[in-house]
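Each remark here refers to the structure printed beneath this line.
For clarity, every value in this text was computed on a predicted model and none was experimentally measured.
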Amino acid sequence: MKINWFYLILFNLLILQAPLADTTDPVKNNDFREDSLAIKGLEAQMVVFMNNNLDSAMTTGLSMMDLLKSRISRPNLTTEQSNFYNDVFSSVIHMLGSVYSSKGDISTALNLSFEALRIAENIQNKSSEASILNSIAILYKTLGNIEEALTYYEKSIQISEAREEIAVLGDRYWNLSSLYHSIKKLPEASVALKKAAHYYARQGDDFGRGSEQFCKAVDAKYAQLPDSAIRYYKSAKSYYDATGYFVFHSNIYYSMANIYLSKGSPALAKLYTDSAMIWAERLRYTEDLMTCAKSYYQVYKKQSLWQEALQQYDTYITLRDSINNEKSQKEAIKQQMGYEFEKKEALLKAEKEKQELAHREKVKRQELIILSAGGGLLLVIIFSVFLFNRFSVARKQKNVIASQKALVDEKNKHITDSINYAQKIQEAILPSTEAFQGAFEGNDDNHFILYQPKDVVSGDFYWLHETADNKVIWVVADCTGHGVPGAFMSMIGTSLLNEIVIEKGITQSNEILNHLRSGIKRALGQSDAADSLKDGSPSSTEVSEGKPSETSVKKALPSEMTVKDGMDISLCAWNKATNELEYSGAYNPLYLIRKGSHRETMASVDAGSSYLPDKEGQNTLVEIKADRQPIGVFIKEKPFTRHTLQLQSGDSLFMFTDGFVDQFGGREDLPPGQVVRKYTPRRFRELLLVNQDRSMQEQRNILQQAFESWKKEMEQVDDVCVIGVRV
């Protein structure tokens with residue numbers, strides 16, 4: 001085992017120059033500098049042991065914790081001294097957390113990591129805070145809590161990029177790529193790997209170059225380039241050997257073993273697994289030991305050595321369960337809740353003190369009221385006669401109020417009747433079921449419509465038209481607001497679509513949206529408002545005529561309604577003869593679900609899209625992105641994008657507004673008092689994907705049932721419109 005003798009010699013020199021006897025008081029004896037050098041020497045020794053001997057690292061770390069606690073508890077520390085001791089204390093318990101994690105004790109590792117994070121936040125050490133957040137993310141990934149791991153990785157990377165910490169950003173992106181790979185998001189994993197390699201290369205030392213080669217090896221392995229991957233792994237090991245950094249040796253060897261096994265060379269795979277096991281046992285990394293056991297199992301199975309394979313599989317299961325057990329899961333949740341609770345405790349304490357102060361003031365006011373009660377009683381007697389007279393007046397006013405209430409009730413009835421009639425008008429404008437059946441080959445199983453307004457009338461609407469040359473154009477739109485305002489907007493949108501497509505004959509998807517945006521801006525008086533937003537001043541004509549008119553001021557300062565009103569929309573144009581689909585969208589995406597493997601679908605659909613395979617690998621959901629701009633005035637307007645897809649038989653298309661995914665609610669098994677949450681696009685995509693093989697009408701019923709089950713007794717927050725089409 002290679003030991004970094006430089007650090008050990010430095011440590012011994014520091015200890016000789018600055019002994020740490022219990023009688024030494026760095027504050028009273030004015031030798032804080034010597035004391036801090038000695039503590040830094042102990043910290044350096046712990047770093048050396050972490051790379052070579054975990055047990056020694058743990059012993060040193062526990063001793064340092066006791067020492068630092070005694071230093072921190074001393075009276076009359078300066079701010080500089082207190083921050084120094086706390087900073088080292090945070091660093092030591094963070095490293096101890098890494099030691100416990102390497103030995104498989106995840107719950108203790110989380111406990112120490114959150115304690116280190118509290119200290120780093122208190123002393124505002126952003127660099128340490130980012131490092132600890134990264135470690136916590138690794139622990140959550142080990143426990144299989146992917147959402148929490150992703151959250152903490154993003155927090156860590158955000159801090160490190162803001163501080164331009166080149167030396168650590170390679171590690172951060174490497175960890176993020178590993179997380180994406182564990183959930184089978186290979187495109188995202190490859191992007192993160194390339195960023196990791198970029199930052200490693202910028203370090204300019206052997207460790208950075210080795211890590212760059214390691215990232216390239218893993219990326220080549222993802223891309224199924226085994227020879228390139230082996231070459232990069234060997235290059236990475238040579239750089240690591242030069243630095244005396246052996247942490248990744250076990251990983252390198254069992255990764256190469258896996259490649260040789262896939263190439264049909266179990267003997268070579270066995271040799272590399274032997275090397276991996278040597279380093280895993282030497283460093284005592286439980287996770288590497290588990291992976292080596294799994295590698296042995298696969299090698300022996302390939303060689304038909306069934307007894308040896310069974311023994312290694314039992315070892316793998318035992319190590320896996322020791323890392324990811326129920327106790328560790330519960331402890332992880334407990335530690336996170338404790339951390340969040342303590343962050344809020346100070347705010348709650350301050351709020352309580354504020355309330356107590358307000359209560360004391362209230363008591364004083366009540367005492368003043370009691371003292372004034374005697375005088376008030378006299379005033380009550382004086383005004384009794386006056387109040388009696390007012391009573392007769394109030395009785396007359398009551399009669400007036402009763403008549404006004406009857407008038408209000410009558411007007412309310414008229415308004416309700418008007419809205420109900422408006423509902424009939426809106427329903428008449430929407431395309432009929434027969435129109436959809438005719439457009440999609442007269443079969444109910446080729447489409448479904450889930451349309452559920454929040455109020456009597458809706459701000460969501462859908463529209464359909466089939467041209468003379470067998471081109472079907474259909475739209476799902478979400479107008480600003482809901483109820484009566486949204487309904488007015490939907491009627492404007494329907495009228496403009498009729499004008500653009502039917503009257504003017506425009507059928508290209510992006511051009512329809514470009515003309516629709518112009519029409520909406522023209523109908524709502526938004527054109528001038530958009531110009532004013534760009535230059536912030538009245539028009540030159542108005543200024544030249546003297547003082548700006550009221551109209552020019554309104555243009556320069558557009559109202560909230562003028563600027564924000566519009567709609568989000570998704571539009572498809574399907575050529576039935578060529579089976580080609582055009583799609584354009586404003587904020588609202590299009591989901592395409594296609595039978596076939598994830599890789600096949602990626603090869604046949606635009607690579608810029610997002611992909612989600614189902615668990616069996618039978619279907620893949622593709623999200624075609626919409627433009628991030630509305631149909632209406634926008635600060636940075638640009639022409640809408642036209643996406644062109646060649647559809648295949650059995651493809652399913654889904655267009656929807658945000659009412660479904662934004663609905664608040666929860667599952668039936670949520671405990672009492674659980675905070676409600678939105679349904680989210682992720683659940684919506686998974687629900688569509690898992691039910692893809694059902695008929696379209698069955699899918700509609702499942703969506704309806706899922707929405708009501710999620711919503712329960714809560715109010716519907718927005719209009720809901722989902723349209724599915726199968727070609």
What are the two closest non-hydrogen atoms of [X] and [Y], and how far apart are they?
{"X": "Asn446", "Y": "Met696", "value": "C-CG, 4.0 Å"}
{"X": "Asp693", "Y": "Lys595", "value": "OD1-NZ, 2.8 Å"}
{"X": "Tyr583", "Y": "Ser570", "value": "CE1-CB, 3.8 Å"}
{"X": "Asp662", "Y": "Lys678", "value": "O-CG, 3.7 Å"}
{"X": "Gln646", "Y": "Thr578", "value": "NE2-O, 2.9 Å"}
{"X": "Gly486", "Y": "Cys479", "value": "O-CB, 4.0 Å"}

task = Check the pair Phe654 / Phe448 against side chain to side chain contact (heavy atoms under 4.5 Å, CB included), numbers first and verdict last.
result = CA-CA 10 Å; Phe654 297 91; Phe448 73 77; 3.7 Å; yes

Looking just at side-chain N and O atoms, do [X] and [Y] make a donor-acceptor pair shorter than 3.5 Å?
{"X": "Gln716", "Y": "Asp718", "result": "no"}
{"X": "Gln452", "Y": "Gln704", "result": "yes"}
{"X": "Asn575", "Y": "Asn470", "result": "no"}
{"X": "Tyr173", "Y": "Glu161", "result": "yes"}

ask   = Just one of Phe684, Phe707, Tyr451 clears the side-chain contact (heavy atoms from CB on, under 4.5 Å) bar with Val722, so which one?
value =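 The single option meeting the side-chain contact (heavy atoms from CB on, under 4.5 Å) with Val722 is Phe684.
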
Nearest-0.5 Å distance that lies between atom [atom1] in [X] and atom [atom2] in [Y]:
{"X": "Gln508", "Y": "Asn514", "atom1": "CD", "atom2": "CG", "result": "9.0 Å"}
{"X": "Arg594", "Y": "Leu653", "atom1": "CZ", "atom2": "CG", "result": "9.5 Å"}
{"X": "Leu516", "Y": "Leu571", "atom1": "CG", "atom2": "CG", "result": "8.5 Å"}
{"X": "Ile512", "Y": "Ile506", "atom1": "CD1", "atom2": "CD1", "result": "7.5 Å"}
{"X": "Asp469", "Y": "Thr507", "atom1": "CG", "atom2": "OG1", "result": "6.5 Å"}
{"X": "Leu450", "Y": "Ile723", "atom1": "CG", "atom2": "CD1", "result": "9.5 Å"}

Can you tell if the side chain of [X] reaches within under 4.5 Å of the side chain of [Y], non-hydrogen atoms only?
{"X": "Thr657", "Y": "Val476", "answer": "yes"}
{"X": "Met491", "Y": "Ile425", "answer": "yes"}
{"X": "Phe656", "Y": "Asn588", "answer": "no"}
{"X": "Ser182", "Y": "Ile146", "answer": "yes"}
{"X": "Arg726", "Y": "Gln699", "answer": "yes"}

message = Students often mix this up, so state it plainly: with edges at 30° and 60°, are the rings of Tyr152 and Tyr140 parallel, tilted or perpendicular?
response =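 Because their plane-to-plane angle is under 30°, the rings of Tyr152 and Tyr140 count as parallel.
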
query = Taking the inter-plane angle between the rings of Trp574 and Trp474 on a 0 to 90° scale, is it parallel (under 30°), tilted (30 to 60°) or perpendicular (over 60°)?
reply =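 Ring orientation, 0 to 90° scale: perpendicular.
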
Result block: side-chain N/O donor-acceptor pairs under 3.5 angstrom for residues 493-505, not counting sequence neighbours:
residue, atom, partner, partner atom, Å
Thr494, OG1, Ser490, O, 3.0
Asn498, OD1, Trp463, NE1, 2.8
Asn498, ND2, Thr494, O, 3.3

Taking 4.0 angstrom as the limit, do [X] and [Y] come out as a salt bridge?
{"X": "Lys454", "Y": "Asp460", "result": "no"}
{"X": "Glu708", "Y": "Lys711", "result": "yes"}
{"X": "Glu580", "Y": "Lys471", "result": "no"}
{"X": "Glu511", "Y": "Arg642", "result": "no"}
{"X": "Glu698", "Y": "Arg700", "result": "no"}
{"X": "Arg172", "Y": "Glu154", "result": "no"}

inquiry  = Closer than 3.5 angstrom, by distance alone: can the side chain of Asp627 be matched with the main-chain N or O of Thr641 as a donor-acceptor pair?
reply    =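 Such a contact is found between Asp627 side chain and Thr641 backbone.
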
task = Step through the shown structure and confirm whether more than 12 heavy atoms of other residues, nucleotides or ligands are within 6.0 Å of OH on Tyr587.
result =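 Atom OH in Tyr587 is packed in, count exceeds 12.
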
request  = Verify the neighbour count for atom CZ of Arg694: are there more than 12 heavy atoms of other residues, nucleotides or ligands below 6.0 Å?
outcome  =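 No - once you tally the heavy atoms of other residues, nucleotides and ligands closer than 6.0 Å, there are 12 at most.
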
request  = Please name all residues satisfying side-chain contact (heavy atoms from CB on, under 4.5 Å) with Val191, sequence neighbours left out, ordered by chain then number.
outcome  =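 If we apply the side-chain contact (heavy atoms from CB on, under 4.5 Å) test to Val191, skipping adjacent residues, the hits are Lys195.
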
